[in-house]
Amino acid sequence: KMERPPSTAFGQVPFTAEEQATVQAALQQKLGPEYISQRTGAGGQKLAYIEGHRIIHLANETFGFNGWSHSITSETVDFIDQSGDKFYVGVSAFVRVQLKDGSYHEDVGYGVSEGMRSKALSIEKARKEAVTDSLKRALRSFGNVLGNCISDKDYLRFIQGQPKASQISPFQVMN
């Protein structure tokens, strides 16, 4: 009869020294221009951001697919306005990102939907946007490779002149 080792709950599994060193080295890497998108914000200002699917991919590469999790700790529909047959919705959300060892970061995000004809789809869009925004904000607290580097204006100026290479993982550069 084989005996199984006692299972340990997620959030209570320490990183090995090797895992911790690998994760720490990865978190210090800065993203290449192929990971950073831009959009026009208020007053015509250019804003840098990382798309949600890219940040999830990077988190999986950094921590392992089973080395992190996230949960919505709070979500609030701030307003639902209707003008004629169009809806305007604002939602705030808090998301907690927890690593397998129990360390975590939590942050707030916001989502809006403007001018959609379906009330249900307007609420859904704003909720998804709020959760994605708060997930990205919580992940960036872990380090540069998860988006913190886009807060550095000097770094953004530097990479704007760099060609957008094909999707090369920062981890491929490390190996």
Side-chain angles (χ1 to χ4, degrees), residues 10-11 13-75 90-113 125-175:
F10 188 85
V13 180
F15 285 101
T16 65
E18 182 181 342
E19 286 175 326
Q20 189 161 350
T22 301
V23 166
Q24 189 61 44
L27 290 171
Q28 291 173 358
Q29 299 294 311
K30 291 187 177 179
L31 294 172
E34 65 274 13
Y35 284 92
I36 300 172
S37 300
Q38 290 194 341
R39 66 177 175 82
T40 304
Q45 180 182 10
K46 286 205 168 211
L47 302 174
Y49 70 98
I50 302 171
E51 294 176 81
H53 69 95
R54 293 186 197 280
I55 200 76
I56 290 169
H57 175 75
L58 288 168
N60 284 337
E61 282 195 25
T62 304
F63 305 120
F65 76 94
N66 61 353
W68 71 287
S69 71
H70 73 282
S71 57
I72 301 166
T73 57
S74 172
E75 188 177 63
V91 175
S92 57
F94 284 85
V95 167
R96 174 181 287 195
V97 173
Q98 183 176 0
L99 303 184
K100 70 178 188 175
D101 69 350
S103 58
Y104 68 90
H105 288 288
E106 186 171 338
D107 213 326
V108 65
Y110 205 77
V112 294
S113 173
K125 179 188 180 299
R127 282 187 164 159
K128 287 179 177 181
E129 194 173 290
V131 169
T132 301
D133 186 44
S134 54
L135 174 63
K136 293 189 301 184
R137 291 174 57 88
L139 280 168
R140 80 172 184 199
S141 297
F142 285 101
N144 283 328
V145 81
L146 294 176
N148 198 44
C149 62
I150 66 172
S151 299
D152 181 344
K153 302 290 185 214
D154 292 332
Y155 181 67
L156 287 177
R157 274 193 292 278
F158 169 74
I159 65 161
Q160 282 176 347
Q162 305 297 313
K164 282 198 174 195
S166 62
Q167 206 65 19
I168 297 172
S169 166
F171 306 99
Q172 291 172 324
V173 175
M174 291 173 46
N175 295 331

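This is a predicted model, so every value here is computed, not measured.
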- Query: By side-chain contact (heavy atoms from CB on, under 4.5 Å), which residues pair with A126, not counting sequence neighbours?
  - Reply: V89, V91, S113
- Go through the steps for L135 and I56 under the test side chain to side chain contact (heavy atoms under 4.5 Å, CB included), then give the verdict. CA-CA 9 Å; L135 174 63; I56 290 169; 4.0 Å; yes
- Side chain to side chain, V97 and F63, heavy atoms closer than 4.5 Å: no
- Note on the structure: Smallest heavy-atom separation, D133 atom then G109 atom, equals OD2-CA, 3.1 Å
- Message: For F15, give me all partners under ring pair (Phe, Tyr, Trp, His ring centres under 6.0 Å), at least two apart in sequence or on another chain.
- Response: none
- Query: Hey, are the side chains of I50 and L139 touching, using non-hydrogen atoms and a 4.5 Å cut-off?
  - Reply: no
- Query: Between Q98 and G11, what is the shortest heavy-atom contact and its length?
  - Reply: NE2-CA, 3.4 Å
- Message: Under the rule for side-chain contact (heavy atoms from CB on, under 4.5 Å), what residues qualify as partners of T16, not counting sequence neighbours?
- Response: E18, E19
- Closest non-hydrogen atoms of S151 and R140, given as atom of the first, atom of the second and distance, are OG-NH1, 4.3 Å
- Task: Name all residues meeting the salt bridge (Lys or Arg N to Asp or Glu O under 4.0 Å) criterion together with R137; count only those two or more places apart in sequence or in a different chain, and write none if there are none.
- Result: D107
- Using the test salt bridge (Lys or Arg N to Asp or Glu O under 4.0 Å), find all partners of R157 that sit at least two apart in sequence or belong to another chain. D154
- Message: How long is the straight-line distance from CD1 of I36 back to CD of Q160, given to the nearest 0.5 Å?
- Response: 9.5 Å
- Query: Does atom CD of Q20 have more than 12 heavy-atom neighbours, drawn from other residues, nucleotides or ligands, at distances under 6.0 Å?
  - Reply: no
- Hey, could you give me each pair passing salt bridge (charged side-chain N to carboxylate O under 4.0 Å, His left out) that has a residue in residues 38-52? Not counting sequence neighbours. E51-R54
- Item | Partner residues of N60 under the side-chain hydrogen bond (donor to acceptor under 3.5 Å, both in side chains) criterion, sequence neighbours left out | W68
- Note on the structure: To the nearest 0.5 Å, atom CD of Q45 lies from atom CD of Q38 at 10.5 Å
- Any T62 side-chain heavy atom under 4.5 Å of F142 side chain: no
- side-chain hydrogen bond (donor to acceptor under 3.5 Å, both in side chains) with Y110: which residues, sequence neighbours excluded? D78
- Query: How long is the span from the OG atom in S134 to the CD atom in E129, to the nearest 0.5 Å?
  - Reply: 11.0 Å
- Item | By side-chain hydrogen bond (donor to acceptor under 3.5 Å, both in side chains) - contacts of E75 (at least two apart) | R127
- For F158, what residues pass the side-chain contact (heavy atoms from CB on, under 4.5 Å) criterion, not counting sequence neighbours? Y155, Q162
- Item | Value rounded to 0.5 Å, distance of CG in N144 from CG in L31 | 8.0 Å
- Message: Strictly distance-based, threshold 3.5 Å: is any side-chain N or O of Q29 a donor or acceptor partner for the main-chain N or O of V145?
- Response: no
- Among all residues two or more places apart in sequence or in another chain, which pass the side-chain hydrogen bond (donor to acceptor under 3.5 Å, both in side chains) test with S103? D101
- Message: Nearest 0.5 angstrom please: C149 SG to L156 CG, how far?
- Response: 7.5 Å
- Contacts of T73 meeting side-chain contact (heavy atoms from CB on, under 4.5 Å) (sequence neighbours excluded), chain-then-number -> S71, F94, R96, E106
